Amino acid sequence: MSTFQDLGLNDDLLQAITDLGFIKPSEVQEKAIPILLGSEGDLVALAQTGTGKTAAFGFPMLEKIDANSRTTQGLILSPTRELCLQIANEMKQYGKYCKGLNVVAIYGGSSITDQAREVKRGAQIIVATPGRMKDMISRRLVDISKIQYSVLDEADEMLNMGFKEDITDILSHTPEDKSTWLFSATMPREVAAIAKNFMSNPQEITVGNKNESTSNVSHEYYLVNARDRYQALKRLSDANPDIFSVVFCRTKRDTQKVAEQLIEDGYSAGALHGDLSQNQRDLVMKSFRNKQIQTLVATDVAARGIDVDNITHVINYQLPDEIETYTHRSGRTGRAGKTGVSMVIVSKSEVRKIKSIERIIKRQFEKKDIPDGAEICEVQLMSLANKIHNTEVNHEIDKHLSNINTLFEDTDKDELIKKFFSVEFTRFYNYYEKAKNLNVSYDGSRDSGGDSGGRSDSTRYFINVGGKDGFDWMKLKDFLKEQLQLGRDDVFKVEVKDSFSFFNTENELKEKVLAFFTDFKHEGRFVNVEVSENRGGGRRNDRKRGRRRDDRKGGGRRDDRRSGSGNRSERRRSEGTSKPRHSDSGNSNAFKPRRSRR
Ligand code: ADP
Ligand code: MG
């Protein structure tokens, strides 16, 4: 095992490294630094998040640039503002003894003139997001025509976020003979293509297996009906009282809704997505870092900058479109030597994706059951007991003790404990007393005595758009939800054929759906929706099975009836069917189990 001295770094850097408390180089640093110091060639480095990639390119870049010159010599491109700032800060710390060094961060959502002024003072190193960088180049506010080193950090994410053209454009303003260092956690085809097109004979280093997930993280999945996703999320949270989690959704809209609903239901949650202002995002992140927010609901893009170390759980509320993204999500936990759990809530139609993810991360998922009400109550009760046991006594109470003692004169210890605990516990108990089993087996039925995926209170539609029009089932579902302003699970059983598709909604939405599509054009052509007469082929069986097993009619009590979040059909009736529902909640009589902390 080598030291930083062995790697050949200069004294200024070694001093900074000592100040930072880095004792030995991480694997990616050990592999990359000697290559980058020893040659002027290109490099592709694959390593998961949290492995110290910033220093792996940062130290060599600082070593190589001339801090006495005011020319911009190094350019680091990174996908988000947060990462950009993080990298710039790290670089400043690493280079704090390099006299004359000026590292400038360039990113959107902040004054371009201020950034231009900083660059003008002479920035040897610029750390930038592609969008703002391109903007500044076109306004001639930066000059990168003399750079010698360019870094594409988190290359996979930049491509995922659609920055390919911007990157191409930016690099076209740089010299041919510069060195390019590409760092990425995963190696999808697009990244390989970038390496091929923009780099010459790059050396390649890999830390761990490509795309592999860290061994500190265990992976679990939970199979439920799509419409029970939210209930499943709540149970997973309730079954882990000290959870500190990031919940990933696929769209900004779902992210916002899930967060709002959690807050409504008494959880300390917050949303992080691109529709929030920078200021709002900063506030949310601040609360999350301070643990004022226990559950951060985020989109993949917005979560890229999260560098919070103690996240206990990552919950995939929905799986990402690109399965490679899963590695990034699960990498949010299990950092800094801690262990973490990455949970996936899947519906039957997505369960095959679990196998594909296993192949990518080279790790096995464990199929687990959503805990039932009794389990959750027990966990909550014992967590409360532990909390009380560990609570420091507040002696302000002493002076009231005799009054309290008088009140409980005739209550023995067991009775007192029971009463005391009931204050908190009864809320959970009432909520979960009649909780149904949310787990489904692979054939789509409830594991025991519940209802199935099919519902006789749902309507199946035919729609004349399909794969040809660029839809897959997820895109079509998002499209319908967006157009009709529907909630997360209001559109289900989406099945996309080549030139047409099918989908379901609850019967209550039928009028609204049909009315909406009477005169609707998408990309210049009329979109036609009709009620399907079981034209969905293989779906016929589903429907029959659904009808037989359906036990929801007749008002059997379900746990979510009381939560103010579940009782969909009743609430919708009272609201009328045409009004878009922005939140499922709002039933003031609804009982909500509030978290005992905060
Ligand atoms: P990555 O870019 O691979 O996700 P970072 O470069 O952001 O990882 O590093 C993750 C964390 O580890 C940072 O807080 C960084 O300061 C710290 N770190 C980096 N290298 C070392 C090291 N050799 N020893 C200790 N901590 C390190
Ligand atoms: Mg990084």
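Atoms within a ligand are numbered from 1 in the order they appear, just like the ligands themselves. Predicted model only: the values in this text are computed from it and were never measured. Quick note: residue numbers are just sequence positions, from 1.
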Atom 25 (C) of ligand 1 within contact range, any protein heavy atom under 4.0 Å: yes
Under-4.0 Å protein heavy-atom contact, atom 12 (O) of ligand 1: no
Ring center gap for [X] and [Y] short of 6.0 angstrom:
{"X": "F57", "Y": "F183", "result": "yes"}
{"X": "Y317", "Y": "Y230", "result": "no"}
{"X": "Y221", "Y": "Y326", "result": "no"}

A47 heavy atom under 4.0 Å from ligand 1: no
Contact check, F183 vs ligand 1, heavy-atom distance below 4.0 Å: no
With no hydrogens and no angle check, do the side chains of [X] and [Y] hold a donor and an acceptor under 3.5 Å apart?
{"X": "D254", "Y": "Q318", "answer": "yes"}
{"X": "Q256", "Y": "R253", "answer": "no"}
{"X": "S150", "Y": "T180", "answer": "yes"}
{"X": "E350", "Y": "S347", "answer": "yes"}
{"X": "H328", "Y": "D156", "answer": "yes"}

What protein heavy atom lies closest to [atom]? Include the residue and the distance to one decimal.
{"atom": "atom 4 (O) of ligand 1", "value": "G50 N, 2.6 Å"}
{"atom": "atom 14 (O) of ligand 1", "value": "E90 OE2, 4.2 Å"}
{"atom": "atom 6 (O) of ligand 1", "value": "T54 OG1, 2.6 Å"}
{"atom": "atom 8 (O) of ligand 1", "value": "G52 N, 3.2 Å"}
{"atom": "atom 18 (N) of ligand 1", "value": "F22 CZ, 3.4 Å"}
{"atom": "atom 20 (N) of ligand 1", "value": "Q29 NE2, 2.8 Å"}

Any idea which atoms of ligand 1 are less than 4.0 Å away from a heavy-atom of [X]?
{"X": "S26", "value": "23 (N)"}
{"X": "Q48", "value": "3 (O)"}
{"X": "F4", "value": "23 (N)"}
{"X": "T51", "value": "1 (P), 3 (O), 8 (O)"}
{"X": "K24", "value": "22 (C), 23 (N), 24 (N)"}

Plane angle bin for F4 and F59 - parallel if under 30°, tilted between 30 and 60°, otherwise perpendicular: perpendicular
Parallel, tilted or perpendicular, as decided by the 30° and 60° cut-offs, for the rings of W181 and Y149: tilted
